[in-house]
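Here the structure comes first, spelled out in C-alpha cells, and everything after it is commentary.
Letters A, B, ... are given to chains in the order of the sequence lines, protein chains preceding strands, and every chain is numbered from 1.
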Protein chains: 2
Amino acid sequence: MNIGKASETSGLPVKTIRYYEEIELIAPQRLENGYRDFSAVDVQDLKFLRRARDLGFSIDECRMLLELQRDPARASSQVKSIANGKIIDIDRQIVELQSLRATLSALVSECRGDDTSECAILEGLAH
Amino acid sequence: MNIGKASETSGLPVKTIRYYEEIELIAPQRLENGYRDFSAVDVQDLKFLRRARDLGFSIDECRMLLELQRDPARASSQVKSIANGKIIDIDRQIVELQSLRATLSALVSECRGDDTSECAILEGLAH
DNA sequence: CCTTGACCCTCCAGTGACTGGAAGCTTTAT
DNA sequence: ATAAAGCTTCCAGTCACTGGAGGGTCAAGG
C-alpha cells in the first residue's frame with residue numbers, strides 16, 4: 001500500500017506520515033521505485049499513533065506506548081502509569097484554564113463595552 | 001533603566017524582552033553605548049504584556065490590546081469583544097480536555113495495571 | 001506513442017513564542 | 001589591573017507538523 005492509501009486508511013496526512021518516518025516512529029519498506037510500501041502492521045501503527053495523539057500523548061509518549069505495544073513481555077502497569085500521568089497533566093491544564101476563565105470573566109463583566117474609552121479590562125491588565 | 005532591571009521589574013525574562021522588541025511590540029530607546037534604555041512607560045507595557053500573555057492572549061492579540069491601550073479614542077467594546085473571544089476559546093479548550101480525560105479515564109479503569117501484558121489501554125488505542 | 005494528471009520523492013523554510021549558546025563589547029567592583 | 005557581571009548581536013533549536021519548489025513515476029485516454 002503506498003502513502004496516499006495509508007493516509008486515507010489511517011486518517012493521518014501524508015506529510016505527517018513522512019514526518020513520522022523521519023523521526024523513526026515507523027519504518028515502512030521501500031519499493032524499487034523508491035515509493036514507501038506500507039504493510040498492514042504499519043497502517044495499524046499509524047492508526048494507533050493517530051488515536052494516541054488525539055488523546056493528547058506527546059510524540060515521545062507515543063514512542064513509548066508503541067514500544068510497549070510491540071513488546072510481548074510488557075507489563076500493563078507501565079502503560080497504565082503513562083496514561084495516569086497524562087490524566088494528571090490534563091487535570092492540571094483544566095484547572096489552569098478554569099482559573100484564567102474566571103479572571104477574564106471578572107474583567108469582562110466590569111467592562112461597559114460601549115463606545116467610550118474607559119475599559120476595566122485594560123485597567124486590569126495595566127494594574 | 002537597562003534590560004536586567006526591566007526584566008526584574010516586569011517579571012519577563014531578558015530574552016523575551018529582546019524578542020518583544022524584535023517583533024516590534026515595544027521600542028525602547030538606546031543609550032550611546034548601545035544598551036536598551038527602558039522608560040517607565042516601556043516597563044508598564046512589559047507588565048501589561050506579561051499579564052495579557054498569562055491570561056492566554058496570543059502575541060497578535062496582545063499587539064491589538066496594546067494598540068487599544070495606547071489609543072485614547074478607543075471604544076471599550078473593541079476590547080471587550082477580544083476578551084469575549086478569548087473566553088470562548090478557553091471554554092472550547094476546557095470541553096475538549098474534559099472529553100479527552102473521560103476517554104482516557106475509561107481506558108485506564110479497564111486496565112488491570114499489573115505485570116501481565118494484557119492491557120485495555122493499548123487495545124483501546126489499537127482498536 | 002504521447003500526453004495529461006495524479007501520485008510519489010526529497011529538501012528547504014516557516015509556524016509560535018520563545019530559549020540556549022557563542023563571541024564579543026562595557027561597566028562595575030575589587 | 002583584572003575579573004565578574006551585564007550588555008550586545010546572531011545563529012540554532014524547541015514541538016509537531018505544514019507548505020512549497022522541483023522533479024521522478026505511473027495509469028488512462030487519444
Open item on the list: For residues Phe38(A) and Ile23(A): do they belong to one hydrophobic cluster (side chain heavy atoms under 4.5 Å, members Ile, Leu, Val, Met, Phe, Trp, Tyr)?
Closed with: yes
- [ ] Taking atom types as modelled, find out whether Thr116(B) and Asp114(B) have a side-chain donor-acceptor pair closer than 3.5 angstrom.
- [x] yes
TODO: Indicate yes or no for a side-chain donor-acceptor contact from Lys86(A) to the backbone of Gly56(A) under 3.5 Å, with no hydrogens or angles considered.
DONE: yes
- [ ] Give the rounded distance in Å between these two atoms: CD1 of Ile3(A) and C1' of dT10(C).
- [x] 12 Å
Task: Length of the CD-C1' vector between Glu21(A) and dC8(C), whole Å - done: 13 Å
TODO: Check the distance between dA17(C)'s P and Asp54(B)'s CG and give it to me in whole angstrom.
DONE: 14 Å
Open item on the list: Once side-chain contact (heavy atoms from CB on, under 4.5 Å) is applied, do any residues pair with Thr16(B), and if so which ones, sequence neighbours excluded?
Closed with: Leu12(B), Pro13(B), Tyr20(B)
TODO: Taking the side chain as every heavy atom from C-beta outward, state whether Asp60(A) and Arg63(A) have any pair of such atoms under 4.5 Å apart.
DONE: yes
- [ ] Could you list the residues that satisfy side-chain contact (heavy atoms from CB on, under 4.5 Å) with Ile88(A), not counting sequence neighbours?
- [x] Arg92(A)
Open item on the list: For a quick test of reading the model: is some side-chain N or O of Arg36(A) closer than 4.0 Å to OP1 or OP2 of dT10(C)?
Closed with: yes
TODO: In plain terms, say whether Arg70(A) and Asp45(A) are close enough for a salt bridge, that is, a side-chain N and a carboxylate O under 4.0 Å apart.
DONE: yes
Open item on the list: Can you measure Met1(A) atom CE to dC7(C) atom P for me and round it to whole angstrom units?
Closed with: 15 Å
TODO: At under 4.0 Å between heavy atoms, which parts of nucleotides 19-30 of chain C does protein reach? Answer with one letter per nucleotide, 5' to 3': B base, S sugar-phosphate only, - none.
DONE: SBB----BS---
TODO: Return each pair, listed once, that meets side-chain hydrogen bond (donor to acceptor under 3.5 Å, both in side chains) where at least one residue sits in residues 27-40 of chain A; pairs must be two or more places apart or across chains.
DONE: Glu21(A)-Arg30(A), Glu21(A)-Arg36(A), Ser39(A)-Asp42(A)
- [ ] Measure the distance from CD1 on Ile17(B) to C1' on dA17(C) and round it to the nearest whole Å.
- [x] 15 Å
Open item on the list: For chain A and DNA chain D, what are the first and last nucleotides along the strand, 5' to 3', with at least one atom under 4.0 angstrom from a heavy atom of the protein chain?
Closed with: dA16(D) to dC26(D)
TODO: Could you tell me which residues satisfy salt bridge (Lys or Arg N to Asp or Glu O under 4.0 Å) with Asp54(A), sequence neighbours excluded, listed by chain and number?
DONE: Arg50(A)
Task: Rounded distance (Å) that lies between atom C1' of dC9(C) and atom CG of Asn2(A) - done: 12 Å
- [ ] Give a yes/no answer on whether the side chain of Arg18(A) brings an N or O atom under 4.0 Å of OP1 or OP2 in dC11(C).
- [x] no
